[in-house]
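No hydrogens, no waters, no symmetry mates; every other heavy atom, side chains included, goes into these values. Just so you know, residue 1 is the first one in the sequence shown, and it goes up from there.
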Amino acid sequence: MEIPKNTFKAAIKAGKRQLGMWSAIPHPSIAEMLAGCGFDWLLFDTEHAPSDPLVAYSLLQAASAYPVSTGVRPSALDVTLLKRVLDAGAQTVIVPYVQTPEEAALAVAAVTYPPEGIRGVAAGMRASRWGAVKDYAQKARDEIALIIQIETREALERLDEIAAVPGLDGIFVGPSDLAASLGYPGQPGHKAVRAACVDAITRIRDAGLPPGFLALDDVVLEEMVEAGSIFTAIDVDTALLRRTALSRIAEWRAKVS
């Protein structure tokens, strides 16, 4: 059996824009439903969602029958957590809160088998189809997309150094934590934050890496896509559900009042 191809990694490397959905609802039914909606990629969040690697495992399974790329955001830059989500079959990981080139290098090492890296080796797990994938250990890194997330003033100040770390496949700009770090908590759409995000996306592109972004505001999304965002999450499932619910009840309250 051949190793599954990571179409998301190939697409962003080629500069082909990918539209995604951020999923924070930790249920396989939601993952399966979203997988059939036509997104290029889904990101299962375990940082700001009540999920863990075991839940992510079931979400990856639920989406696997559909033509969509899937990824997982672990809760932290933790070698053990990264090992677990990779063994669960995640081929794309977005590592949060990377602030230095040293941390970026650790992320690279964590998703790479020895002797180049430090990823632990398991004899049989979902990633290798329990040993059915021929030469998995030799081929795995080719199909793993390692995305790091910059979301602080410190990370922006060292962005050029971070982007120069070998082995990165993309850099995601996180506007919410960045807004707080810049002095605008709860205001990811503030003009100063948006300017910082545009600058970061431009610098990431100039470094030869694909940038990514997430926002719930279409005006902000359009600005970041114009700046060069390649993999863009256009919504979050929890926010989408709440917006739709509020809209429906408002519509029908007006009709029956």
Side-chain angles (χ1 to χ4, degrees), residues 8 12 17-53 55-60 62-63 66 68-76 81 85 90 92-98 145 147-152 170-182 184-190 193-194 196-198 200-201 210-225 227 229-250:
F8 172 81
I12 64 172
R17 285 199 166 99
Q18 301 289 285
L19 298 177
M21 169 65 73
W22 209 264
S23 182
I25 301 176
H27 198 283
S29 293
I30 299 299
E32 184 174 4
M33 181 272 292
L34 290 173
C37 287
F39 295 102
D40 297 310
W41 59 287
L42 300 178
L43 191 285
F44 300 127
D45 190 18
T46 72
E47 183 190 14
H48 290 297
S51 296
D52 57 24
V55 174
Y57 192 108
S58 67
L59 303 180
L60 292 166
Y66 296 83
V68 61
S69 291
T70 53
V72 174
R73 178 167 71 167
S75 57
L81 285 175
V85 298
T92 296
V93 288
I94 296 183
V95 180
Y97 223 77
V98 172
I147 312 296
I148 60 165
Q149 187 168 341
I150 59 164
E151 44 192 333
T152 64
I171 298 180
F172 184 87
V173 181
S176 295
D177 279 302
L178 182 57
S181 181
L182 293 176
Y184 306 99
Q187 302 178 68
H190 190 283
V193 179
R194 289 163 63 175
C197 290
V198 167
I201 287 172
F213 197 78
L214 161 68
L216 304 182
D217 184 323
D218 281 351
V219 173
V220 174
L221 281 175
E222 290 169 3
E223 184 177 9
M224 300 309 153
V225 169
S229 178
I230 296 296
F231 55 103
T232 308
I234 61 174
D235 223 316
V236 179
D237 56 5
T238 50
L240 180 62
L241 176 60
R242 186 171 189 274
R243 283 201 316 274
T244 303
L246 289 171
S247 175
R248 290 293 285 167
I249 190 60

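Between Ala63 and Val68 the shortest heavy-atom distance is O-CG1, 4.2 Å.
Taking Phe8 as the reference, Trp41, Phe231 meet the ring-ring contact (aromatic ring centres under 6.0 Å, His included) condition, with sequence neighbours excluded. Qualifying salt bridge (Lys or Arg N to Asp or Glu O under 4.0 Å) partners for Glu223, counting only residues two or more places apart in sequence or in other chains: Arg194. By the side-chain hydrogen bond (donor to acceptor under 3.5 Å, both in side chains) test, Asp237 pairs with Ser23, sequence neighbours left out. Not counting sequence neighbours, the partners of Leu216 by the side chain to side chain contact (heavy atoms under 4.5 Å, CB included) test are Asp235, Val236, Ala239. Evaluation of the side chain to side chain contact (heavy atoms under 4.5 Å, CB included) rule for Ser181 yields Thr152, Arg153, Glu154 as partners, not counting sequence neighbours. Applying the side chain to side chain contact (heavy atoms under 4.5 Å, CB included) rule to Thr244 yields the partners Leu240, Arg248; only residues at least two apart in sequence or on another chain are considered. Partners of Ser69 by side-chain hydrogen bond (donor to acceptor under 3.5 Å, both in side chains), not counting sequence neighbours, listed by chain and number: Thr7. Under the side-chain hydrogen bond (donor to acceptor under 3.5 Å, both in side chains) criterion, Gln18 pairs with no residue, sequence neighbours left out. With sequence neighbours left out, the side-chain hydrogen bond (donor to acceptor under 3.5 Å, both in side chains) criterion links Ser51 to no other residue. The ring-ring contact (aromatic ring centres under 6.0 Å, His included) search around Tyr184 returns His190, not counting sequence neighbours. For Ala227, the side chain to side chain contact (heavy atoms under 4.5 Å, CB included) partners at least two apart in sequence or on another chain are Val198, Ile201.
Enclosure of atom CZ in Arg243 by more than 12 non-hydrogen atoms of other residues, nucleotides or ligands within 6.0 angstrom is indicated.
Judged by distance alone, the side chain of Gln149 and the main-chain N or O of Tyr97 form no donor-acceptor pair under 3.5 Å.
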Please test Ile234 against Phe39 for side chain to side chain contact (heavy atoms under 4.5 Å, CB included), starting from the C-alpha separation and ending with a verdict. CA-CA 10 Å; Ile234 61 174; Phe39 295 102; 3.9 Å; yes

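A salt bridge (Lys or Arg N to Asp or Glu O under 4.0 Å) check over residues 28-46, counting only residues at least two apart or in different chains, returns the pairs Asp45-Arg73.
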